[in-house]
Amino acid sequence: IVALRDHLIAGAGHEFYVTGIADEEQPSDTQYAVMRKDDKLRDPDTNDLLGYEMVFVGTAELRATGEPATFFMTNSDREAYRGDLIRPIDLRLPMNFFPQAPEQEVDGSIISVVDGVSRIGQYQMVILNRGSNDGLGAGSVLAVWQNGESTHDNRRWGKKVTLPDTFAGNLMVVKAYDDISYALVMEAVSEMRVYDRVKNP
């Protein structure tokens with residue numbers, strides 16, 4: 001978004017202007033998502049930058065092509081600002097999932113929760129630091145293991161002991177990219193957290 005018409009911020013019912021939209025890119029009835037770049041997604045094992053979380057702002061439709069193109073905000077969850085990003089909405093998810101364990105060994109982590117909370121429960125969407133390069137695809141089922149905490153050993157002064165990891169539930173991958181995946185928590189027997197490990201069930 002390069003400018004907002006008559007406003008400093010835009011919400012549902014407002015027009016705004018976007019550069020970089022080619023006339024022939026999308027069909028005329030394409031819906032667009034307005035998004036904002038948010039936190040970095042880093043692999044906790046290597047500290048590599050895997051991408052960025054995107055905050056959903058709202059949906060928009062193309063009103064007039066050109067450079068810039070004119071868009072109309074059809075609905076909004078939050079205000080849109082200059083610099084926000086526009087992408088065609090891609091809802092191409094499989095309609096049927098066939099749950100199965102990955103064919104190769106997977107050892108990864110939950111690196112983010114889609115709605116930004118720190119505690120994770122059943123039916124929440126999470127992001128993993130493993131993807132199709134690691135053998136994951138739609139329907140891949142993984143077990144979630146809560147990292148064992150460290151505690152003081154009362155019998156040995158100054159020593160710490162690490163408790164064993166505990167099983168926390170199962171999740172299923174719904175969309176896999178090269179290095180990350182989106183997964184749905186299907187079963188939670190205890191509270192899950194960001195950085196809990198995911199492994200073959």
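Keep in mind that the numbers below use all heavy atoms, side chains included, and drop hydrogens, waters and symmetry copies.
No donor-acceptor distance shorter than 3.5 angstrom exists from the side chain of Arg78 to the backbone of Gly58, with no hydrogens or angles considered. At least one donor-acceptor pair under 3.5 Å links the side chain of Gln122 to the backbone N or O of Met186. Within the 3.5 Å criterion, the main-chain N or O of Thr162 finds no donor-acceptor partner in the side chain of Glu149. Of the possible donor and acceptor atoms, one in the side chain of Ser76 sits under 3.5 Å from a partner among the backbone N and O of Ala12. At distances below 3.5 Å, not a single donor-acceptor pair connects side-chain atoms of Ser181 with backbone N or O atoms of Ala183.
Nearest heavy atoms, Arg36 versus Glu79: NH2-O, 2.6 Å. When all heavy atoms are compared, the tightest approach of Ala80 to Asp84 is CA-OD2, 3.3 Å. Ala138 and Val174 get closest at one heavy-atom pair: CB-O, 3.9 Å. For the pair Glu67 and Ile21, the tightest heavy-atom approach, listed with the atom from each and the gap, is OE1-N, 4.2 Å. Contact detail for Asn200 and Leu142: the closest heavy-atom pair is N-CD2, 4.0 Å.
Val161 places a side-chain heavy atom less than 4.5 Å from the side chain of Thr151. Between Tyr182 and Ile127, some side-chain heavy-atom pair lies under the 4.5 Å cut-off. Between Leu184 and Val173, the closest side-chain pair of non-hydrogen atoms is not below 4.5 Å. When side chains are defined from C-beta on, Arg5 does not count as touching Thr70, because their heavy atoms never get closer than 4.5 Å. Contact of the Pro99 side chain with the Pro201 side chain is not registered, since no non-hydrogen atoms from C-beta on lie closer than 4.5 Å. Looking at Gln146 and Ser190, their side chains come closer than 4.5 Å, going by heavy atoms from C-beta outward. Under the 4.5 Å side-chain criterion, counting only non-hydrogen atoms from C-beta, Ile120 is not in contact with Asp196.
Under 4.0 Å is where a charged nitrogen must lie from a carboxylate oxygen, and between Asp107 and Arg197 at least one such pair does.
No hydrogens or angles considered: a donor-acceptor pair under 3.5 Å links the side chains of Glu53 and Ser112. When only modelled atom types and interatomic distance are considered, Asn129 and Asp179 share no side-chain donor-acceptor pair under 3.5 Å.
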message: One pair to check against salt bridge (Lys or Arg N to Asp or Glu O under 4.0 Å): Arg130 and Asp45. What are the steps and the verdict?
response: CA-CA 11 Å; Arg130 298 291 182 262; Asp45 299 330; 3.0 Å; yes

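Separation of the Phe71 and Tyr32 ring centroids falls under the 6.0 Å cut-off.
Test Val194, Ile110, Ile111 against Pro44 for side-chain contact (heavy atoms from CB on, under 4.5 Å) and you get one pass: Ile111.
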